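Below is one structure, written out as structure tokens; comments come after it.
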Amino acid sequence: MATKDPRVDAYIAKAAPFARPILKHLRKLVHRGCPDVVETMKWSAPFFEHHGIMIGIAAFKGHCALIFWKGRLLSGVPAGKDRPKGEARGEFGRITALSDLPSDAAIVKMVKAAALLNEEGTAVKRVPKTASKPPARMPADLKAALAKNKKAKATFDAFPPGQKREYVEWIVEAKRPETRATRLATTLVWLAAGKTRD
């Protein structure tokens, strides 16, 4: 049996006038698609749970959002990366009127599919936001300077790849030979003192 949360009623009542009918309509469609859904509040916004988090709705200053927790696994839901840059969070971007939504039948179908994913325990495979960078390529002048300064070399060798990269990039970004020589000398002093680049 569905569970309604009075905090969701309060959230909708406090929303901007344009947002209230959108939020009420989305709430109704979620309950239609999953009669056993349980309402709650998470991150100060209404969420709907069924065997875990399923859907969230939110109202902002100028738009609303409908967020399927496992939206990437649902058919008929545009992928976030396919929307224009700067688009709102949620599968349907900025919702400013009921006309911005797909049909009621399409939303109910997606709600049912989202409920089934949760019932089956299907998890979204999390993809790292950025691939790790390759190790920094040691310039010959830095390699030679480190070979002559054991303390600086020991510090450099103990650094993780990111800290090594900071020093290497700082040295190779120098445009003039004089700047590069100054940075190389500073690097050796800092490394001998056990300091990171920043």
Side-chain angles (χ1 to χ4, degrees), residues 1-133 160-163 166 196 198:
M1 171 160 280
T3 303
K4 290 200 172 184
D5 189 324
R7 296 174 300 170
V8 175
D9 293 312
Y11 181 92
I12 293 171
K14 289 179 185 175
F18 84 90
R20 290 182 206 138
I22 297 168
L23 297 173
K24 287 178 185 176
H25 188 69
L26 291 172
R27 184 185 198 188
K28 180 181 75 173
L29 294 177
V30 171
H31 282 277
R32 187 185 305 167
C34 183
D36 295 329
V37 77
V38 175
E39 294 182 352
T40 189
M41 293 291 289
K42 291 185 181 294
W43 303 286
S44 302
F47 272 80
F48 302 88
E49 295 182 334
H50 178 71
H51 298 276
I53 298 174
M54 192 171 73
I55 298 168
I57 58 175
F60 302 99
K61 193 173 184 178
H63 70 280
C64 294
L66 171 62
I67 305 154
F68 283 88
W69 202 247
K70 297 177 181 174
R72 286 187 272 160
L73 303 179
L74 298 173
S75 61
V77 176
K81 65 180 190 296
D82 296 335
R83 289 196 313 270
K85 192 172 177 89
E87 204 47 79
R89 184 163 188 256
E91 279 64 34
F92 301 100
R94 298 173 64 84
I95 303 166
T96 59
L98 290 170
S99 59
D100 293 336
L101 291 168
S103 71
D104 290 359
I107 293 175
V108 169
K109 183 178 177 181
M110 285 181 264
V111 170
K112 289 179 179 180
L116 184 60
L117 286 173
N118 279 8
E119 289 168 8
E120 293 172 344
T122 305
V124 175
K125 186 177 179 182
R126 301 289 177 206
V127 179
K129 290 186 178 180
T130 58
S132 58
K133 293 182 180 179
Q163 288 177 339
E166 287 175 2
T196 60
D198 291 317

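No experiment lies behind these values; they were computed from the predicted model shown.
- Shown here are the side chain to side chain contact (heavy atoms under 4.5 Å, CB included) partners of Ala58, two or more places apart in sequence or in another chain: Tyr11, Ala45, Phe60.
- Within the 4.5 Å cutoff, no side-chain heavy atoms of Val108 are placed close to those of Val111.
- Here the shortest heavy-atom pairing between Arg94 and Gly62 reads NH2-O, 4.0 Å.
- Every pair tested for salt bridge (charged side-chain N to carboxylate O under 4.0 Å, His left out) that includes a residue from residues 95-105 fails, sequence neighbours excluded, so the list is empty.
- No more than 12 heavy atoms of other residues, nucleotides or ligands sit less than 6.0 Å from atom NZ of Lys24.
- With rounding to the nearest 0.5 angstrom, the CD1 atom of Ile22 is 11.5 Å from the CD1 atom of Ile12.
- Listed by chain and number, the residues in a side chain to side chain donor-acceptor pair (under 3.5 Å) with Thr196 amount to none (sequence neighbours excluded).
- Under the salt bridge (charged side-chain N to carboxylate O under 4.0 Å, His left out) criterion, Arg32 pairs with no residue, sequence neighbours left out.
- Within the 4.5 Å cutoff, no side-chain heavy atoms of Val8 are placed close to those of Phe47.
- Here Glu39 pairs with Arg27, His31 under the side chain to side chain donor-acceptor pair (under 3.5 Å) rule; sequence neighbours left out.
- Considering only residues two or more places apart in sequence or on other chains, Asp5 meets the salt bridge (charged side-chain N to carboxylate O under 4.0 Å, His left out) condition with Arg7.
- Here salt bridge (charged side-chain N to carboxylate O under 4.0 Å, His left out) pairs that include residues 55-64, with residues two or more places apart or in two chains, number zero.
- Under the side chain to side chain contact (heavy atoms under 4.5 Å, CB included) criterion, Pro102 pairs with Phe92, Ala106, Ile107, Met110, sequence neighbours left out.
- Side-chain contact between Leu116 and Lys112 is absent, with no heavy atoms from C-beta onward closer than 4.5 Å.
- Looking at residues two or more places apart in sequence or on another chain, you find a side chain to side chain contact (heavy atoms under 4.5 Å, CB included) between His51 and Asn118, Glu119.
- Of the inter-residue distances, the one linking Phe18 atom CZ with Leu23 atom CG reads 8.0 Å to the nearest 0.5 angstrom.
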